[in-house]
Amino acid sequence: MRKELAKNYSPREFEDRIYKTWCEKKYFEPDSDEKKPAFSIVIPPPNVTGQLHMGHALDETLQDVLVRTKRMQGYSTLWVPGTDHAGIATQIKVEESLRVNEGLTRYDLGREKFLERVWDWKNQYGNRIISQLKKLGSSCDWSRERFTMDEGCSRAVREVFVNLYNKGLIYRGYRIINWCPRCLTALSDAEVEYTEQPGSFWHIRYPVKGSDEFVTIATTRPETMLGDTAVAVHPEDERYAHLVGKTLILPIVNREIPVIADEYVERDFGTGCVKITPAHDPTDFEVGARHNLPIIKVMNDDATISAEYGGKYAGMERYEARRALVSDLEEGGYLVKIEPCSHNVGTCYRCKTTVEPLTCDQWFVKMAPLAKPALEVVESGEVKFEPERFSKIYINWMENCHDWCISRQLWWGHRIPAFYCDACGHMEVSKEDITVCPKCGGALRQEEDVLDTWFSSALWPFSTMGWPDKTADLERYYPTSVLVTGYDIIFFWVSRMIFSGMEHMGKKPFSTVFIHGLVRDAQGRKMSKSLGNGIDPLKVIEEYGADALRFALATGNAPGNDMRFSDEKIESARNFANKLWNASRFVLMNLTEEDGELLTLPKDEDMTIEDKWVLSRFNSLAKTVNDNVDSYELGVALQEIYSFTWDTFCDWYIEMAKSRIFDTGAASLTAKRVLVHVLTGILKLLHPYMPFITEEIYQALPHSDESIMISAYPKFCESLVYKADEEDVERIITAITAIRARRAEMNVPPSKKAKLYVVTKYKDTFLRAAKILEKLASASEVIITDEYKSDDAVAIATDAGSLYIPLSEVIDFEKERARLLSEQKKNDGEIERIEKKLSNEGFVSKAPAQVIEGERAKLKRYLEVREALAQSLAKLG
RNA sequence: GGAGGCAUAGCUCAGUUGGUUAGAGUACUUGCUUGACAUGCAAGGGGUCACUGGUUCGAGUCCAGUUGUCUCCACCA
């Protein structure tokens, strides 16, 4: 007795079990067969202490679809998994836990003890995200799992840092950077998010020294005037030309500052006079550099006003200082007016605190030389973005990016391998830890700062494969085939991987960047913790199964576009799984023969037209699916599998095959062989999208491979094209549909059978399909005749011929006649339209032959309908 | 200020290089215990493809412009 599938589809019963088997069998590890072409992907490493969210689920699903498809297509596939140490994010979490549970700060513990705590935390939570990825069915090679701070990745980081430093591409400098006063660290430009916020425009008078004159400046940040070192006007602004070179007295502060001329000033904006605060504004910093202005830093790291330059405002928090200063200015008669305005405020991408631009010593990567090859490789198409439009976004960023601030004042991360000698002032950058100054023999201390998290993820495609060693993996799997990620991290990650790959490997890190959008909630809002509208993928898996989740994520949206996730979508996905489950159950419960008998495809001469039709249609499906996966149209591929499975296979083929299956003998065996073949084919095509259910069913069916995931992916096969049979069956389907429609219109229940008279030139087709017509078109008997005499029947005209159903008791002959006439009119209209098109000189001479052929075939069908209609109408007199 | 996306059935969205009478899911109407599935089956209704021009034998698709909407980037303080 053959193994039966459980009556109900309940994924919980088998998903974990199947995943375990796959792991035990080591199916996820690449095939060592050297003759196989290589296909590789590195995972975008999720934050090590993070939790799986819908964005991950989408990202993993798409990668797994690609990897599983390629594996089945005969590639040696490697999907490298791993996690990211996520500097700020992780440190914030551990600090928060320390604060809540022990009332301590990291400074209370000290660097070493604190880092121990972070490692503990990582060890405790690091596996959570990994096990969540497994729940999804991801076929990563877990034996190659990496972590951005493991020994190998850390070695790669040092290697890269030292190389870049030696080439002069990493430097340390006193620059203006983005500072997060909450995280107490510098941030890169990419880590600042700008939000439009309501603010005010304060107009303030600065008196001109030795005169009664004033200049009025406008600012949104009056508190920074403590650090003003000039006021700038446009060089060609006649209003202020006479003041350039004069000296102003900074109100309240009473410091003298010059009026300078600089082209950056917009004459028409504000008052046309700009206060220049080089220490607290990026453009002012540049202006200051051009004019050799002093830099007066008036803020501490926590955004309070400094003691040195703060005067009476020292120690005040920045907004408190603003209020105090404005009130003092007003009192002193310096405040002209306050204008409400809205302006862009930079915020920390981790904690949303308003960042403070300020000057300090930081480490930078010089971008211009690195950007050049990174641009070329995309512009030449060697690295392709999918969809293509994202390459423009990348190019635009790469062309305009500033030097990358890579130092972070955190403790969790790769500590910068620079060593300072306090005795002689020497600085040494070294791959190895060193303690003694090579210049003076004095003691060295290592740089306190760590590197930006993205510095190590930039190396991910090669650091995970063993670089800087020359490894077999690098040789075989680098460059990787495709990178799958969301458009939100093109700047953070994709661009940096590209220039890093070019610089350190001399090769691009991947050939294609496959970009997807965001998963939004049912109302189209971004899922976020603060809104509380996030849908937990694990809960969805628990309720509907991982396959349904994957289906819902992979279907119905185009590459690069955002998608909405809703109950409706997941239910529809689950229903599809259920449909497949039940169709398989039906097939299985009818298989009584030996496996060996069922696994061979019948001979052509034994097959019916519907057998050849379904094989031929499946063959086309295989082609469509392969083509669409090649062009990253995974949603289209899946949609095609869906409609073939549900419509073609379940609703038509199984129904057509039933009459034979329930019999015994040769015809029955033939039908079952075709059923097994096509169902197995569906399972294989679908496996990359819904790995669990397809494996569970595959194992229950007669099968030849140990697992569906290592079986061969179906592909187009010339010998399985049956064009004539396809046309025959389409005619039968047209007839059945037409009969059903007429019966439904007249409210004749399917249980009321009636004879079916067929006048057709396709006698043989209808003869062969008689059983099917009886079953699917409620025919008690199918009579093929040259002429139908009686006039008490419902007449149905199709391109396959005229069909008559004697149902005199339900027919209203007047209505029947009117309907046929209306159909005739419509049909004639179509004929006229096509004939016009075909007699159009331009169309016939310019349209491709295939299109013209299509129109002619269409015309032929309409003419056949016309004939059938005429015949039917003649019966009614 | 620059760049880009989106606008197609009541709703959510597909529609690949221009080529049948524009599709799916869902919702809706009607009928159905049809030898697996009511998480189902059958038959339906529902669209001026945002608007205006243009290119073409042919435009949802390409081009230009308009409107609405979302997003990203940017040093107008």
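No hydrogens, no waters, no symmetry mates; every other heavy atom, side chains included, goes into these values. First the proteins, then the strands, lettered A, B, ... as listed; each starts at 1. Treat the numbers as computed from the prediction; the structure is a model and nothing was measured.
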Kindly check if the number of other-residue, nucleotide or ligand heavy atoms within 6.0 Å of CG (A:Asp268) is above 12? no

Does atom NZ (A:Lys753) have a neighbourhood of more than 12 heavy atoms from anything else shown, all under 6.0 Å? yes

Do we count A:Tyr642 as stacking onto B:A24 if the rule is ring centres under 5.5 Å and planes under 30°? no

Before you tell me yes or no, could you show the steps for A:Glu832 and A:Lys836 under salt bridge (charged side-chain N to carboxylate O under 4.0 Å, His left out), namely the whole-Å CA-CA distance, both residues' side-chain angles and the distance that decides it to 0.1 Å? CA-CA 6 Å; A:Glu832 198 185 335; A:Lys836 203 172 151 193; over 6 Å; no

Given [options], the nucleotide with the shortest approach to the side chain of [X]:
X: A:Phe269; options: B:C76, B:G4, B:U39; answer: B:C76
X: A:Ala741; options: B:G40, B:A36, B:A43; answer: B:A43
X: A:Thr283; options: B:G40, B:C75, B:U12; answer: B:C75
X: A:Tyr264; options: B:U39, B:G25, B:C75; answer: B:C75
X: A:Asn396; options: B:C73, B:C37, B:A77; answer: B:C73
X: A:Lys579; options: B:A36, B:U26, B:C57; answer: B:A36

Distance, [atom1] atom - from [M] to [N], rounded to whole angstrom:
N: B:C28; M: B:G10; atom1: P; answer: 15 Å
N: B:A59; M: B:A22; atom1: C1'; answer: 12 Å
N: B:C6; M: B:A50; atom1: C1'; answer: 11 Å
N: B:U16; M: B:C32; atom1: C1'; answer: 40 Å
N: B:U56; M: B:C63; atom1: P; answer: 16 Å
N: B:G65; M: B:G19; atom1: C1'; answer: 27 Å
N: B:A43; M: B:A36; atom1: C1'; answer: 22 Å
N: B:U29; M: B:G45; atom1: C1'; answer: 7 Å

Spacing of [X] atom [atom1] relative to [N] atom [atom2], expressed in whole Å:
X: A:Glu286; N: B:A77; atom1: CD; atom2: C1'; answer: 14 Å
X: A:Asp647; N: B:C41; atom1: CG; atom2: C1'; answer: 12 Å
X: A:Tyr194; N: B:C72; atom1: OH; atom2: C1'; answer: 13 Å
X: A:Tyr394; N: B:C72; atom1: OH; atom2: C1'; answer: 17 Å
X: A:Asp268; N: B:A77; atom1: CG; atom2: C1'; answer: 14 Å
X: A:Phe662; N: B:G35; atom1: CZ; atom2: C1'; answer: 5 Å
X: A:Glu388; N: B:G4; atom1: CD; atom2: P; answer: 12 Å
X: A:Phe586; N: B:U34; atom1: CZ; atom2: C1'; answer: 12 Å

With a 4.0 Å cutoff (strictly under), does any side-chain N or O of [X] reach OP1 or OP2 of [N]?
X: A:Asn575; N: B:G40; answer: yes
X: A:Trp646; N: B:C41; answer: yes
X: A:Arg564; N: B:C13; answer: yes

Between A:Asp630 and A:Asn626, a side-chain donor and acceptor under 3.5 Å: no

Can you tell me if A:Gln197 and A:Thr195 form a side-chain donor-acceptor pair at under 3.5 Å? yes

Contact class for [X] vs. all strands (heavy atom < 4.0 Å): base, sugar-phosphate, or nothing?
X: A:Ser566; value: nothing
X: A:Arg389; value: sugar-phosphate
X: A:Met589; value: sugar-phosphate
X: A:Glu655; value: base
X: A:Lys569; value: sugar-phosphate
X: A:Thr737; value: sugar-phosphate

Quick one: does A:Asn533's side chain have a donor or acceptor within less than 3.5 Å of a partner on A:Lys526's backbone? yes

Give the ring-plane orientation class for A:Trp646 versus A:Tyr642, where under 30° counts as parallel, over 60° as perpendicular and anything between as tilted. tilted

Applying the ring-ring contact (aromatic ring centres under 6.0 Å, His included) test to A:Tyr394, which of A:Phe385, A:Phe491, A:Tyr487 qualifies? A:Phe385

Using the ring-ring contact (aromatic ring centres under 6.0 Å, His included) definition, which of the options A:Tyr9, A:Phe644, A:Tyr689, A:Phe551 pairs with A:Phe576? A:Phe551

Between A:Asp281 and A:Arg740, the residue closer to the 5' end of RNA chain B by nearest nucleotide is A:Arg740

Would you sort out whether A:His203 and A:Phe201 count as a ring pair (Phe, Tyr, Trp, His ring centres under 6.0 Å), showing the intermediate values? CA-CA 6 Å; A:His203 291 245; A:Phe201 220 17; 5.7 Å; yes

Assign a letter to each nucleotide of nucleotides 14-20 of chain B from its 5' end: B, base within under 4.0 Å of a protein heavy atom; S, sugar-phosphate only; -, no contact. SSB--BB

Pair pattern of RNA chain B in dot-bracket, where unpaired bases get dots and | marks partners in another strand, Watson-Crick or G-U under 3.5 angstrom: (((((((..((((.....[...)))).(((((.......))))).....(((((..]....))))))))))))....

A:Phe586 six-ring centre to A:Lys658 NZ/CZ under 6.0 Å and within 45° of normal: yes

